[in-house]
2 protein chains.
Amino acid sequence: MLTSVDTELMRVLADPLRLKIVTLLAREILCTTHLVEETGAKQTNLSNHLKVLREAGVVETEPCGRFTYYRLRPDVIASLAGRFAELAETAQVTAATDTKRTCP
Amino acid sequence: MLTSVDTELMRVLADPLRLKIVTLLAREILCTTHLVEETGAKQTNLSNHLKVLREAGVVETEPCGRFTYYRLRPDVIASLAGRFAELAETAQVTAATDTKRTCP
DNA sequence: TGAAAATATCAGTTTATGCTGACGTCAGTC
DNA sequence: GACTGACGTCAGCATAAACTGATATTTTCA
């Protein structure tokens, strides 16, 4: 059974800046200041995007004094990768067998 | 080296209706009429979304008389799945080793 | 305690984009 | 050759969402 891809998660990850953040967090656990440096975005803007990522469960926070560390949740990304892999596999079979519905 | 996820492709796939179309096309090659039936969306709306998917290289068309068959390109989805799998793998290592940049 | 730094929140503006209705085009059928 | 059905295009509208500036909150350090 082909489980569908989470639309909300896709929406969250579709923004260029958020995708950049996710890519950066995949390599290192960073705090907002680092992300401001790396992306060049305004702190306010970044904070908004981080909130979106947090609420979507993509990242987790860990307070450290007056800093806040952000870490990416690997399982969320892995799950998404799995969904797309399934989808690609299904599409592969469809293409190979040329499964088409007849015109009405 | 971690190749980044294609933002444009993500934007295209982030729409609920387009994701629905992609999921349907993964199983069967369909024409617009079928997609109208399956999704319940207006033909015009669907045509607009199909154009977006076409221009992004996600789907291909095959004319058949006055009908137009749409097929999903498995390689595009497979590639995306691969990128996310890499990202997840990197994030997994980062989490396991607790790789964090020190506060400035 | 007062100042500064790190981060979050809020309100307002602007931009992007999805949806719709009207219309155009091309292929098949009577 | 006129008609119908499948599909695409275009212009306009409406909503969502990204960006910004101002401000609040919390923590650290002198």
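Note that these values count all heavy atoms, side chains included, but never hydrogens, waters or copies made by symmetry. A note on names: the letters A, B, ... follow the listed sequences, proteins ahead of strands, and every chain is numbered from 1.
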Does some side-chain heavy atom of A:Leu50 sit less than 4.5 Å from a side-chain heavy atom of A:Thr68?
no
Going only through I, L, V, M, F, W and Y residues with side-chain contacts under 4.5 Å, is there a path from A:Ile29 to A:Val76?
no
Starting at atom CD1 of B:Ile21, determine the distance to atom P of D:dC7, rounded to an integer number of angstrom.
13 Å
How many whole angstroms separate atom CD of B:Glu55 from atom P of D:dG8?
12 Å
Would you kindly give the NE2-to-C1' distance between B:His34 and D:dG5, to the nearest whole Å?
14 Å
Between D:dT26 (C1') and A:Phe67 (CZ): distance, integer Å:
13 Å
Between C:dT17 (P) and B:Lys51 (NZ): distance, integer Å
14 Å
Between the side chains of B:Arg71 and B:Glu62, is the shortest nitrogen-to-carboxylate-oxygen separation below 4.0 Å, so that they form an ion pair?
yes
Show the distances under 3.5 angstrom between N or O atoms of the protein and N or O atoms of nucleotides 28-30 of chain D.
none

Sugar-phosphate, base or nothing in reach of A:Ser47, heavy atoms under 4.0 Å:
base
Can you list the steps and then say if A:Glu8 with A:Arg11 is a side-chain contact (heavy atoms from CB on, under 4.5 Å)?
CA-CA 5 Å; A:Glu8 175 59 15; A:Arg11 188 189 64 77; 2.9 Å; yes
Which residues pass the side chain to side chain contact (heavy atoms under 4.5 Å, CB included) test with B:Asn48, not counting sequence neighbours?
B:Thr44
Protein-nucleotide distance (B:Leu50, atom CG; D:dG8, atom C1'), rounded to Å:
11 Å
OP1 or OP2 of D:dA6 versus the side-chain N and O atoms of B:Tyr70: is any pair under 4.0 Å?
no
Nearest 0.5 Å, what's the OG1-CZ distance between A:Thr99 and B:Arg27?
12.5 Å
Answer yes or no: does a side-chain N or O of A:Tyr69 lie under 4.0 Å from OP1 or OP2 of C:dA6?
no
Applying a 4.0 Å non-hydrogen cut-off, can you work out what B:Thr33 is touching in the nucleic acid: base, sugar-phosphate, or nothing?
sugar-phosphate
Rounded to whole Å, how long is the line connecting atom CD of A:Gln43 with atom P of D:dT25?
16 Å
So which protein N/O to nucleotides 14-21 of chain D N/O distances come out below 3.5 Å?
residue	atom	partner	partner atom	Å
D:dA17	OP1	A:Arg11	NH1	3.4
D:dA18	OP1	A:Arg18	NH2	2.8
D:dA18	OP2	A:Arg18	NH1	3.4
D:dC19	OP2	A:Asn45	OD1	3.1
D:dC19	OP2	A:Asn45	ND2	3.2
D:dC19	OP2	A:His49	NE2	2.5
D:dC19	O5'	A:Asn45	ND2	3.2
D:dG21	OP2	A:Lys42	NZ	3.2

For B:Arg54, is there any backbone N or O sitting under 3.5 Å from a side-chain donor or acceptor partner on B:Tyr70?
no
Might you work through the side chain to side chain donor-acceptor pair (under 3.5 Å) test for B:Arg101 and A:His34, ending with a clear yes or no?
CA-CA 8 Å; B:Arg101 194 181 297 185; A:His34 295 134; 4.9 Å; no
A:Ala26 backbone acceptor or donor facing B:Thr94 side chain under 3.5 Å
yes
